[in-house]
Amino acid sequence: MSAASSEHRFVHTPRSAAAKPAPKRATPAEHRVQVAAARLRVTLDQRLGRETPARTKALAREPI
């Protein structure tokens, strides 16, 4: 077998088998930015007549 062999060229780990990283906890400053962005998204969606996801609405209601 040579290095140019096509035998192993298309071998990949299945996506479901990949290890998921632990969820990163946002710092207070990052959280404030996320809340502010969620508030802007809710306002924009209201003005454009779009539906806002429930998760975004819940985040927008949190205090900064």
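Worth knowing before you read on, the calculation uses all heavy atoms, side chains too, and leaves out hydrogens, waters and symmetry mates. Note that the numbering runs from 1 along the sequence shown for the chain.
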Student: Run the numbers on Arg25 and Glu30 for salt bridge (charged side-chain N to carboxylate O under 4.0 Å, His left out), then give the verdict.
Tutor: CA-CA 9 Å; Arg25 184 80 177 152; Glu30 290 171 336; over 6 Å; no
Student: Specify the closest pair of heavy atoms between Glu62 and Val35, including all atoms of both residues, with the distance to one decimal.
Tutor: O-CG1, 3.5 Å
Student: How close do Leu59 and His31 get, heavy atom to heavy atom, and via which atoms?
Tutor: CD1-CE1, 3.8 Å
Student: Kindly work out whether a path of hydrophobic side-chain contacts (I/L/V/M/F/W/Y, heavy atoms less than 4.5 Å apart) joins Ile64 to Val33.
Tutor: no
Student: So how far is it from Arg61 CZ to Thr56 OG1, rounded to the nearest 0.5 Å?
Tutor: 10.5 Å
Student: For Ala60 and Val42, work out which heavy atoms get closest and say how close.
Tutor: CB-CG2, 3.9 Å
Student: Which atom pair, heavy atoms only, marks the closest approach of Arg39 to Pro63?
Tutor: NH2-CA, 4.0 Å
Student: When you compare the side chain of Gln46 with that of Thr52, does any pair of heavy atoms fall below 4.5 Å?
Tutor: no
